[in-house]
Amino acid sequence: MIPLRSSVVLHHRSGWRVWVPLFPFWLLLILVGAVLFPLVVLAGFALGISAVRAYATGWRILSAMKHTLVEVDDPEVHVRLSFA
Amino acid sequence: MNENRRQILEMLAEGKISAQEAERLMGALGDESGAAQQEGAIKRQAKYIRVMVDTDMHAGKNPTKVNIRVPMQLLRSGVRLVSLIPAQARVHVEDAMHRNGIDLDLSQIRPENLEEIVDHLQDVTIDVDDDKTKVRVFAE
């Protein structure tokens, strides 16, 4: 499954905090992928690659991103990108 | 029978320790070997690659810490992308790499070979420590 609870959190030392959930982004990505699938199939015929295999690989990569974490702790701002 | 157990039994036979003490020592050995096996199993099952960077405030700049955790599964999934490169594109990619001094035949690369490399990453430990920066790369 794709990391639905992933988010980006920015925390500034002055106190403000921004939390951005990535769920809408994943949803948009899935919708765009579904809409473009026929075009990818046609392109796959021309290039000699399987669209199903390409989509399966992409899905596997998205699913594998779960538990990926990037955290930067600066004196001014703390940034946390989490694919939970 | 390992060396430690043999020594314990010899001491028991020579009367240097009692049966109770021998049993306690054997139990302690069993815990240690079990812990060592568990540690080995955990190491073999490492799931993430961790990169930690810590800059020192004495460097004149504000200290910054970077913490990155990448699942091994992501690396394994990523290497499969190589198999998706079309044959005609591979020639162009190899030409471009050759012009940059990299002689690599992509047709010889198999996903299982790359997965073997990813598997060996479980044993990777890199520690860089100078006056200003500490960098650690390890599998956990």
Side-chain angles (χ1 to χ4, degrees), chain A residues 1-15 17 22 25-26 29-30 33 36-37 39-84, chain B residues 45-93 106-107 109-112 114-115 118-119 121-122 132-140:
Chain A
M1 287 295 292
I2 56 175
L4 294 175
R5 288 183 292 173
S6 52
S7 63
V8 179
V9 178
L10 288 92
H11 189 184
H12 198 267
R13 298 301 178 198
S14 63
R17 187 171 179 269
L22 294 180
F25 171 76
W26 300 129
L29 192 65
I30 290 171
L36 292 179
F37 184 73
L39 293 175
V40 174
V41 170
L42 291 174
F45 283 137
L47 295 173
I49 59 174
S50 166
V52 172
R53 198 171 160 202
Y55 268 56
T57 301
W59 184 263
R60 203 177 287 122
I61 290 172
L62 281 178
S63 298
M65 285 172 74
K66 200 173 183 180
H67 301 302
T68 298
L69 171 70
V70 179
E71 199 169 15
V72 179
D73 193 3
D74 191 74
E76 293 297 319
V77 65
H78 176 87
V79 181
R80 181 185 172 95
L81 171 61
S82 169
F83 295 95
Chain B
Q45 299 292 330
K47 292 183 178 178
Y48 308 103
I49 289 286
R50 198 71 172 256
V51 178
M52 299 177 75
V53 179
D54 191 355
T55 61
D56 190 5
M57 58 191 304
H58 297 300
K61 298 180 182 178
N62 295 325
T64 302
K65 294 184 181 179
V66 177
N67 178 18
I68 298 174
R69 182 179 68 194
V70 179
M72 289 285 196
Q73 193 58 36
L74 182 58
L75 299 177
R76 289 194 183 90
S77 300
V79 300
R80 292 176 192 273
L81 287 175
V82 175
S83 63
L84 290 176
I85 300 175
Q88 53 267 39
R90 263 185 216 162
V91 175
H92 297 295
V93 171
L106 292 177
S107 62
I109 296 177
R110 300 281 181 265
E112 50 269 18
L114 294 174
E115 287 199 16
V118 171
D119 285 339
L121 284 175
Q122 295 194 8
K132 301 176 184 178
T133 309
K134 289 180 186 176
V135 178
R136 289 191 65 209
V137 180
F138 56 96
E140 63 175 10

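Note that this is a predicted model, so its numbers are computed, not measured. To find a chain, count down the sequence lines: A is the first, B the second, and so on, and within it residues start at 1.
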Discussion item. Rounded at 0.5 Å granularity, tell me how far CG in B:N67 sits from CZ in A:R80.
Written reply: 8.5 Å
Item to complete: Answer whether the closest heavy-atom distance between the side chains of B:I68 and A:L69 falls below 4.5 Å.
Response: no
Worksheet item: Taking only residues two or more places apart in sequence, or in another chain, which ones meet B:R136 in a salt bridge (charged side-chain N to carboxylate O under 4.0 Å, His left out)?
Response: B:D127
Item to complete: First locate atom CD of B:Q73, then atom CE of A:M65, and finally report the distance between them rounded to the nearest 0.5 Å.
Response: 13.5 Å
Discussion item. Would you compute the distance between atom CE of B:M72 and atom NE2 of A:H67 and round it to the nearest 0.5 angstrom?
Written reply: 14.5 Å
Fill in: CZ (A:F37) with more than 12 external heavy atoms under 6.0 Å
yes
Practice prompt. Counting only heavy atoms closer than 4.5 Å, note whether A:I61 contacts chain B via side chain, backbone, both or neither.
Written response: both
Practice prompt. State whether the number of non-hydrogen atoms from other residues, nucleotides or ligands found under 6.0 Å of A:R13 atom CZ is greater than 12.
Written response: yes
Worksheet item: Which heavy atom of A:A64 sits nearest a heavy atom of B:P71, and at what distance?
Response: O-CG, 3.4 Å
Worksheet item: Hey, does B:T64 have a side-chain heavy atom less than 4.5 Å from the side chain of A:D73?
Response: no
Discussion item. Just to verify, what does B:F138 make a ring pair (Phe, Tyr, Trp, His ring centres under 6.0 Å) with, not counting sequence neighbours?
Written reply: none
